[in-house]
Number of protein chains: 2
Amino acid sequence: MSRIGIKDIAAKANVSTATVSYVLNGTRNVKQNTKERVLRVIEEMNYKPNDIAKSLKSQRTNTIGVIAEDVTVFNVPEIIDGINDFADRHDLHILLTNLRLDKRIGRKFDQVDSYRKYMANAVSDLLGKQVEGIIYVGVHPRDLTGLVDTSGKPIVYTYCYTQQDISIQYDDEQAAFEAMSYLISKGHRRIAIISGMMDSVPSRMRFNGFYKAVTQFELPFDPQLIKMGDWEAKSGYELTKELLALPEPPTAVLAMNDVMAVGVLRAASEAGVPIPQRLSVIGFDNREFSDYLTPRITTFDLPLHEMGYRAMDSLMRSIRGEEVEQKQSPACRLVERDSVAPPQQS
Amino acid sequence: MSRIGIKDIAAKANVSTATVSYVLNGTRNVKQNTKERVLRVIEEMNYKPNDIAKSLKSQRTNTIGVIAEDVTVFNVPEIIDGINDFADRHDLHILLTNLRLDKRIGRKFDQVDSYRKYMANAVSDLLGKQVEGIIYVGVHPRDLTGLVDTSGKPIVYTYCYTQQDISIQYDDEQAAFEAMSYLISKGHRRIAIISGMMDSVPSRMRFNGFYKAVTQFELPFDPQLIKMGDWEAKSGYELTKELLALPEPPTAVLAMNDVMAVGVLRAASEAGVPIPQRLSVIGFDNREFSDYLTPRITTFDLPLHEMGYRAMDSLMRSIRGEEVEQKQSPACRLVERDSVAPPQQS
DNA sequence: CTGTTAGCGCGTTCAT
DNA sequence: ATGAACGCGCTAACAG
């Protein structure tokens with residue numbers, strides 16, 4: 001199946017290749033007569049121009065490289081969807097590199113050396129393919145400064161960030177503050193928090209939001225209500241058992257992700273503590289399952305699609321040489337369900 | 001800007017471009033001396049060959065087009081991960097097209113005309129980019145015969161199929177049969193099934209597996225135990241209420257997906273029927289949340305990674321002109337958890 | 001055996 | 001409306 005080229009068309013239509021090119025791209029006026037003839041031949045021969053050759057001359061590939069740390073982690077597909085949404089509207093193509101970090105190194109993000117080479121290879125491949133820019137999609141918000149060298153090509157980070165590039169990451173602190181405000185508006189004063197690990201930036205930022213609410217609303221600050229988890233259900237379970245064993249247990253728990261909220265539910269159920277009547281729970285991430293649990297848990301939805309879309313938008317602006325805001329933080333959105341109620345009068 | 005080309009290297013190293021090319025590709029012997037000099041200059045100038053130009057000449061892009069019906073649907077990321085796994089090992093690149101069907105048309109897969117144009121565009125774009133083959137990743141197993149024309153380029157379907165191309169789809173019938181065998185081995189004889197909609201091929205195949213077990217193990221066939229759901233939790237909930245209201249309710253329920261199993265759990269809980277003591281439940285898909293529910297539900301894991309990996313393997317064989325099995329059906333795997341127990345003696 | 005020259009792949013675009 | 005140069009790297013043919 002030797003592909004038919006522009007010169008086959010030119011020959012059959014009795015014109016030069018230049019004319020065919022002009023007809024195809026509307027780059028210049030062509031007599032209606034010949035134009036139609038050319039178009040007809042193109043149709044007949046089912047001709048498709050070769051974008052590779054076109055790119056070589058035009059120096060444009062209309063292709064963006066996307067490096068995803070791991071497409072199987074829950075936040076990534078929605079971000080890619082946002083990227084595609086933008087790409088569709090602007091006739092851009094996506095060259096996807098999946099680092100498969102979760103499969104290859106698990107959660108050991110601190111062991112940078114174990115994946116630095118994957119990143120370098122990915123970038124190198126993408127640059128070789130002449131992508132016009134790169135979007136880096138993390139699986140865990142963290143500082144990646146100095147890890148990736150794109151030799152000058154624009155790059156935008158999302159779900160992570162660096163000190164010197166454009167990055168898009170939702171506002172952790174604001175979301176935690178809003179969660180607290182919501183619980184407080186329902187009448188809660190004794191609110192516990194189950195955080196992620198404190199070596200994680202979002203953990204600390206969400207804790208800041210928590211603490212800001214504590215001071216701003218003048219809640220009693222009780223260190224016993226502050227528990228450090230590890231993002232997994234089991235830690236939510238165990239820390240909730242501790243909380244419920246307190247002489248004066250909290251009336252509400254803010255879990256920093258929905259997975260740990262699962263543990264909260266389990267511990268409460270085992271202890272015979274009904275949710276939300278005696279304990280309110282609020283999660284984070286709006287994972288699909290948060291709607292399947294009993295009770296359905298109130299949580300925060302992440303602006304993942306928007307992050308992908310804005311990453312593309314920012315990248316394209318950057319490619320065009322426009323000024324782009326370095327840090328963008330779209331807001332999370334409260335999803336009210338059944339796991340929060342006013343505290344019981346006692 | 002990586003404006004530097006092979007001739008810049010050649011100039012600086014005082015050799016011809018041919019020599020540089022030979023050094024880079026090891027296509028011919030080059031004197032150790034000059035080779036080192038060239039390599040040094042390449043290093044110094046941080047030169048990266050332009051794959052676009054290379055592809056134009058070599059007629060090979062090492063790029064595979066992947067068309068995903070919707071990357072945000074649960075089965076797709078794992079399949080893509082399998083595709084990437086293979087691609088990594090064979091130095092292939094992935095040009096990803098996300099049709100976004102779930103967002104654009106929802107579940108109305110029968111309305112082919114509403115998305116035929118998206119498919120055609122996707123294929124056309126990919127062919128223009130000179131991909132060496134295409135993998136089509138569905139979100140719902142169904143027959144796509146006649147929808148996609150790749151003008152001769154190899155294509156492999158996964159999580160769906162056509163009458164004339166290679167396709168990889170797990171074995172629905174076998175899985176349903178195994179689910180039944182498992183329940184029967186636990187002592188169940190009165191087993192209900194909550195199917196998906198019967199206009200769906202996998203529904204019918206799983207039903208075949210169910211029925212095969214009924215006859216093979218000589219179970220009483222009671223049409224009241226056969227319920228048709230619509231894949232959503234609500235239908236699982238309502239149909240289970242009907243089942244529990246039966247004069248002689250089933251001791252086990254086979255739900256054709258985990259989402260409907262959520263409904264089963266809810267209905268049982270409301271009716272005060274403990275699971276698994278008085279009702280065993282088995283799901284399908286091994287969705288993440290199936291491990292977070294109470295009780296954790298027993299289900300079937302789908303070989304998604306393997307499907308992606310094998311799709312790539314088959315595609316590459318096909319590209320090389322080798323004979324490839326047209327239909328491949330990797331097996332699903334039982335995941336034993338807490339929602340199945342022997343039936344209560346009554 | 002090592003290195004060079006020149007044409008090619010495929011479409012774009014300038015000068016004629 | 002056309003011929004021919006061009007983009008960038010590969011490679012056949014040729015020279016030393």
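Letters A, B, ... mirror the listed sequences (proteins, then strands); counts begin at 1.
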Student: For residues 26-33 of chain B, dump all side-chain donor-acceptor pairs below 3.5 Å to protein atoms at least two apart in sequence or in another chain.
Tutor:
| residue | atom | partner | partner atom | Å |
| --- | --- | --- | --- | --- |
| B/Q32 | NE2 | B/E36 | OE2 | 3.1 |

Student: Among D/dT11, D/dC8, D/dG9, which is the nearest nucleotide to the side chain of B/A18?
Tutor: D/dT11
Student: If the test is salt bridge (Lys or Arg N to Asp or Glu O under 4.0 Å), which one of B/D85, B/D88, B/D81 qualifies with A/K103?
Tutor: B/D81
Student: Could you check B/Y22 against B/I6 and say which one's nearest nucleotide on DNA chain D is further toward the 5' end?
Tutor: B/I6
Student: Starting at atom CD1 of A/I52, determine the distance to atom P of D/dC6, rounded to an integer number of angstrom.
Tutor: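 Those two atoms, CD1 and P, are 23 Å apart.
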Student: Evaluate B/Y170 against B/Y159 for ring-ring contact (aromatic ring centres under 6.0 Å, His included), listing each step before the verdict.
Tutor: CA-CA 8 Å; B/Y170 58 81; B/Y159 220 88; 5.8 Å; yes
Student: To the nearest Å, how far apart are A/N29 CG and D/dA1 P?
Tutor: 9 Å
Student: Do NZ/NE/NH1/NH2 and the carboxylate oxygens of B/R104 and B/D70 come within less than 4.0 Å?
Tutor: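 No salt bridge links B/R104 with B/D70.
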Student: Below 4.0 Å from chain B heavy atoms, what is the first contacting nucleotide of DNA chain C and what is the last?
Tutor: C/dT2 to C/dC10
Student: Is the shortest distance from a Lys or Arg side-chain nitrogen in A/R116 or A/D113 to a carboxylate oxygen in the other one below 4.0 Å?
Tutor: yes
Student: Round to a whole Å and report the spacing from CD of A/E36 to P of D/dA1.
Tutor: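 After rounding, the gap between these two atoms is 12 Å.
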Student: Just by distance, no angles: are the side chains of A/Q328 and A/S314 close enough, under 3.5 Å, to form a donor-acceptor pair?
Tutor: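 Their side chains do contain a donor-acceptor pair, which is all the 3.5 Å distance test asks for.
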Student: Quick one: B/K7 NZ to D/dC6 P, roughly how many Å, whole number?
Tutor: 11 Å
Student: On DNA chain C, nearest-nucleotide positions of B/V30 versus B/K54: which is more 5'?
Tutor: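 Mapping each residue to its closest nucleotide by heavy atoms, the 5'-most match is B/V30.
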Student: Could you check how far CG of B/D51 sits from C1' of D/dC10, rounded to whole Å?
Tutor: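 Computing the B/D51:CG to D/dC10:C1' distance gives 13 Å.
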Student: Strictly below 4.0 Å: does B/N25 bring a side-chain N or O up to OP1 or OP2 of D/dC10?
Tutor: yes
Student: When the nearest nucleotide of DNA chain D is assigned to B/L56 and to B/T17 on a heavy-atom basis, which residue is associated with the more 5' position?
Tutor: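 On the 5' side of the pair lies B/L56.
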Student: What is the distance, to the nearest angstrom, from the NZ atom on B/K31 to the P atom on D/dG16?
Tutor: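 Between P of D/dG16 and NZ of B/K31: 17 Å.
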Student: Quick one: bend of the helix from C/dC1-D/dG16 to C/dT16-D/dA1 from 5 pairs per end, to 10°?
Tutor: 50°
Student: Rounded to the nearest Å, what distance is computed from the NZ atom of residue B/K48 to the P atom of nucleotide D/dC8?
Tutor: 17 Å
Student: For B/S58, which contact category applies under a 4.0 Å heavy-atom criterion: base, sugar-phosphate, or nothing?
Tutor: nothing
Student: Is a donor from one side chain sitting under 3.5 angstrom from an acceptor on the other, for A/D143 and A/Q163?
Tutor: yes
Student: With sugar-phosphate meaning primed atoms plus P, OP1 and OP2, does A/V15 contact a base, only sugar-phosphate, or nothing at under 4.0 Å between heavy atoms?
Tutor: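 The answer is sugar-phosphate, as A/V15 gets under 4.0 Å only of primed atoms, P, OP1 or OP2.
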Student: With a 4.0 Å cutoff (strictly under), does any side-chain N or O of A/Q59 reach OP1 or OP2 of D/dC8?
Tutor: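 Yes.
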Student: From the options D/dC8, D/dG3, D/dA13, select the nucleotide whose nearest atom is closest to the side chain of B/R28.
Tutor: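 It is D/dA13.
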Student: Is B/D125 salt-bridged to B/K129, cutoff N-O under 4.0 Å?
Tutor: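 Salt bridge flag = no for B/K129 with B/D125.
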Student: Salt bridge or not for B/K12 and B/D8, using N-O below 4.0 Å?
Tutor: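 Result for this pair is no, no salt bridge flagged.
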